2 protein chains.
Amino acid sequence: MMNKVNSLHSQSKVYVGIVHQLREMISKDGLKQGDKIPSERELSERLNVGRSSVREALRALELLGLIETRRGEGTFLRDFRDHHLIDLLGMFILQDHKAQQDVKCTKTMIEKEALRTIFCQNLDVSALISKVAEDNDSLTWREIFEGVILVSNNYLSHRIWNVLNDYETLIIGEKKITPEIKEKLLTLLQGLENQDKESVQTAYKQICEIGDQELTNSNIFL
Amino acid sequence: MMNKVNSLHSQSKVYVGIVHQLREMISKDGLKQGDKIPSERELSERLNVGRSSVREALRALELLGLIETRRGEGTFLRDFRDHHLIDLLGMFILQDHKAQQDVKCTKTMIEKEALRTIFCQNLDVSALISKVAEDNDSLTWREIFEGVILVSNNYLSHRIWNVLNDYETLIIGEKKITPEIKEKLLTLLQGLENQDKESVQTAYKQICEIGDQELTNSNIFL
DNA sequence: AGAAAAAGGTGGTCTGACCACTGTGACCCT
DNA sequence: AGGGTCACAGTGGTCAGACCACCTTTTTCT
């Protein structure tokens with residue numbers, strides 16, 4: 001008898017096939033984060049494969065942070081934002097300076113594009129402005145730009161940005177919001193609201209410069 | 001008797017400990033890409049763990065693209081830049097939210113950024129020009145823009161673009177290079193070479209419009 | 001009814017077995 | 001000596017079964 005996994009992905013190893021089966025299963029059954037997936041033994045039976053192969057697939061996904069296993073309970077889907085790709089990759093490619101630079105460029109690209117979209121479509125940033133305007137010291141860099149990108153309404157970019165930001169944070173630590181940056185941020189956001197292209201551009205550029213400056217001071221890897 | 005892996009990472013699961021051991025082993029022995037790492041059985045013995053646990057760790061790293069296994073030969077380190085970060089993200093993040101619009105926007109963003117980089121740094125695109133200029137009917141859309149992005153020298157963006165392009169191709173099929181587009185492409189590339197910002201922008205915009213038009217004709221999902 | 005004990009399910013790990021594939025080296029024939 | 005063949009050892013790929021530790025649920029006892 002032909003087993004399901006191999007019949008669909010005949011050239012792959014079993015565990016890779018299982019990863020694919022799992023993905024299909026998740027989307028077919030509409031599983032969301034926090035939902036429980038079948039037990040290892042049940043998967044092993046349903047897919048006609050050994051439990052060790054199921055575990056190889058599951059452990060791989062777990063290392064990536066896509067699933068979470070709780071002994072005695074079962075295996076559950078995690079919030080995809082929580083994946084550990086970053087830690088893993090960082091662990092292995094930390095020494096690659098070019099990679100770091102690529103991360104920074106790509107992240108900046110997404111931020112700029114988000115600002116551009118907001119500007120061109122004149123999207124509402126008033127919520128962000130009041131958030132920044134609040135005298136809140138616990139405000140993080142991530143919250144701000146995550147907000148910006150969310151407003152620009154590109155889910156995919158948001159995901160990618162999150163990954164890149166995690167990576168950067170891992171390497172150089174959390175960026176602080178200084179009063180100086182806060183001021184520039186307000187200028188930027190108000191520029192977006194008032195359709196003042198010039199001030200948006202210069203403010204963003206200044207923010208980046210300040211960030212870079214801080215980066216070179218704190219990056220122990222450079 | 002206490003085993004090595006658990007003595008160092010007592011709270012972790014065994015396979016996670018093995019991943020760490022492996023990383024240390026790699027840096028201590030100065031292993032480079034292409035080098036062979038010990039066999040599963042030897043690792044199992046050296047670390048005092050079961051072979052299945054070793055395999056769970058190895059399979060996870062393989063799924064990430066950090067190592068490569070060849071049956072009958074052994075396990076080898078891969079080029080770390082070949083990691084599958086993006087592919088995996090694509091597989092699990094793009095699955096349910098089939099936000100085609102997001103894919104298109106993000107892909108366009110990368111292309112524009114690449115063009116901008118090439119323009120600002122005045123990078124050499126003569127190779128691309130001659131490639132397009134050749135009367136070669138087998139020229140694909142992918143080849144062109146992959147070339148553009150490669151010239152811009154952002155590996156990470158390149159990887160992301162590849163995934164997005166694959167995804168788009170899967171949904172709407174391969175884009176054809178019509179003579180009209182070919183002409184615009186040449187205009188664009190020559191604009192890059194001659195530092196003619198205006199013609200680059202308008203040519204790219206026109207290319208996108210033509211592409212969109214074709215897209216709405218052929219997209220069976222819309 | 002409430003608490004304690006037992007049972008069943010789940011992931012975590014190890015062992016041993018078998019298969020398919022690869023490289024190597026001994027062996028044989030010319 | 002040269003060239004080819006073949007058996008063997010090593011490697012990853014997979015499976016089955018056995019424990020263990022832990023959690024939840026059910027049953028049992030007080």
Side-chain angles (χ1 to χ4, degrees), chain A residues 1-22 25 31 34-78 84, chain B residues 1-22 25-26 31 34-78:
Chain A
M1 159 179 178
M2 201 63 181
N3 82 43
K4 270 188 190 173
V5 173
N6 279 337
S7 68
L8 285 178
H9 304 274
S10 48
Q11 81 290 1
S12 305
K13 309 180 184 184
V14 171
Y15 90 95
V16 175
I18 294 176
V19 169
H20 283 88
Q21 291 281 312
L22 240 20
M25 195 178 298
L31 299 183
D35 286 351
K36 188 170 182 298
I37 65 180
S39 76
E40 298 179 351
R41 289 173 177 84
E42 185 185 339
L43 283 173
S44 156
E45 206 173 309
R46 266 168 55 175
L47 302 178
N48 269 323
V49 295
R51 191 181 155 213
S52 5
S53 294
V54 171
R55 280 187 61 82
E56 287 179 9
L58 252 25
R59 268 352 96 212
L61 294 180
E62 186 186 47
L63 194 65
L64 297 180
L66 295 172
I67 61 175
E68 176 184 5
T69 56
R70 296 200 281 272
R71 179 188 233 152
E73 300 182 52
T75 306
F76 306 83
L77 286 187
R78 292 187 60 156
H84 301 163
Chain B
M1 160 181 181
M2 202 59 183
N3 81 43
K4 271 187 190 171
V5 171
N6 278 339
S7 68
L8 284 177
H9 304 273
S10 48
Q11 79 291 5
S12 306
K13 306 182 183 184
V14 170
Y15 87 97
V16 175
I18 295 176
V19 170
H20 284 87
Q21 291 282 310
L22 238 22
M25 195 178 297
I26 289 169
L31 299 184
D35 287 351
K36 189 171 181 299
I37 65 180
S39 77
E40 298 179 351
R41 288 174 179 83
E42 186 185 338
L43 284 173
S44 155
E45 205 173 310
R46 270 170 50 177
L47 303 178
N48 270 324
V49 295
R51 191 182 155 214
S52 27
S53 295
V54 171
R55 280 186 61 81
E56 288 177 7
L58 252 23
R59 269 354 96 211
L61 294 180
E62 186 185 47
L63 192 66
L64 256 180
L66 295 173
I67 61 175
E68 177 183 4
T69 57
R70 295 199 283 271
R71 178 188 235 155
E73 297 182 55
T75 305
F76 305 83
L77 287 185
R78 290 187 61 161

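This structure is a prediction, so every number in the text was calculated from the model and none was measured. Letters A, B, ... are given to chains in the order of the sequence lines, protein chains preceding strands, and every chain is numbered from 1.
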Q: Kindly say if A/R51 contacts the phosphate of D/dC15, meaning a side-chain N or O under 4.0 Å from OP1 or OP2.
A: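 No.
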Q: With B/E45, which residues qualify under side-chain contact (heavy atoms from CB on, under 4.5 Å), at least two apart?
A: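 None.
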Q: Of all heavy-atom pairs between B/R59 and A/Y15, which one has the smallest distance, and what is that distance?
A: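 Minimum heavy-atom contact is O-OH, 3.3 Å.
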Q: Taking only the side-chain heavy atoms of B/S52 (C-beta and beyond), determine which of C/dC14, C/dG11, D/dC15 contains the nearest atom.
A: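 The closest nucleotide is C/dC14.
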Q: For the residue pair B/E40 and B/L58, what are the closest heavy atoms and their distance?
A: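 Looking at all heavy atoms of both residues, the closest pair is CG-CD2, 3.7 Å.
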Q: Find the distance A/L43:CG to C/dG11:C1' and express it as a whole number of Å.
A: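 Nearest whole value for this atom pair: 12 Å.
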Q: Would a distance-only check, ignoring hydrogens and angles, find a side-chain to backbone donor-acceptor pair under 3.5 Å from A/S53 to A/V14?
A: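 Flag not set: sc A/S53 to bb A/V14 has no pair under 3.5 Å.
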Q: In this structure, how many angstroms lie between the P atom of D/dC15 and the CD1 atom of A/I18, rounded?
A: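 Rounding to the nearest Å, CD1 of A/I18 and P of D/dC15 are 7 Å apart.
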Q: In whole Å, what is the span from the OH atom of A/Y15 to the C1' atom of D/dG12?
A: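 Going from OH in A/Y15 over to C1' in D/dG12 covers 12 Å.
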Q: Measure from CD on A/E62 to C1' on C/dG11 and round the result to the nearest Å.
A: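 In whole Å, C/dG11 C1' and A/E62 CD are 10 Å from each other.
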Q: What's A/S53 touching, base or sugar-phosphate or nothing? Going by heavy atoms closer than 4.0 Å.
A: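 Sugar-phosphate contact only - A/S53 comes under 4.0 Å of backbone atoms but never of a base.
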Q: Would you kindly give the NZ-to-P distance between A/K13 and D/dC15, to the nearest whole Å?
A: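 Roughly 14 Å, once rounded to whole Å.
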Q: End-to-end bend of the helix from C/dA1-D/dT30 to C/dT30-D/dA1 (five-pair axes, 10° rounding)?
A: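 About 30°, once rounded to a multiple of 10°.
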Q: Kindly indicate whether the side chain of A/V49, heavy atoms from C-beta on, has any atom under 4.5 Å from the side chain of A/I18.
A: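 When only atoms from C-beta onward are counted, A/I18 and A/V49 do touch, with a gap below 4.5 Å.
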Q: Which heavy atom in B/M25 sits nearest to a heavy atom in B/P38, and how many Å separate them?
A: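 Between these two residues, the closest heavy atoms are SD-CG, 4.1 Å.
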Q: Are A/R51 and A/R41 side-chain neighbours, meaning at least one heavy-atom pair lies under 4.5 Å?
A: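 Yes - at least one pair of side-chain heavy atoms lies under 4.5 Å apart.
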Q: Provide a list of protein-nucleic acid N or O atom pairs under 3.5 angstrom, restricted to nucleotides 5-10 of chain C.
A:
unit_1: C/dG9; atom_1: N2; unit_2: A/G72; atom_2: O; d: 3.2
unit_1: C/dT10; atom_1: O2; unit_2: A/G72; atom_2: N; d: 3.4

Q: Please report the closest heavy-atom contact between A/Q21 and A/L47, naming both atoms and the distance.
A: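 Minimum heavy-atom contact is OE1-CD2, 3.6 Å.
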Q: Find the distance B/E56:CD to D/dG12:P and express it as a whole number of Å.
A: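 Nearest whole value for this atom pair: 16 Å.
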Q: Checking only heavy atoms, does the side chain of A/R59 share a donor-acceptor pair with the base of C/dG12 at less than 3.5 Å?
A: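 Check fails, no donor-acceptor contact within cut-off.
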Q: Rounded to whole angstrom units, what separation is found between the CZ atom of B/F76 and the C1' atom of D/dG10?
A: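 Answer to the nearest Å: 12 Å.
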Q: Atom CZ of B/R55 and atom P of C/dT13: how far apart are they, to the nearest Å?
A: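 Rounding to the nearest Å, CZ of B/R55 and P of C/dT13 are 16 Å apart.
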Q: Answer whether the closest heavy-atom distance between the side chains of B/T69 and A/K13 falls below 4.5 Å.
A: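 They are in side-chain contact.
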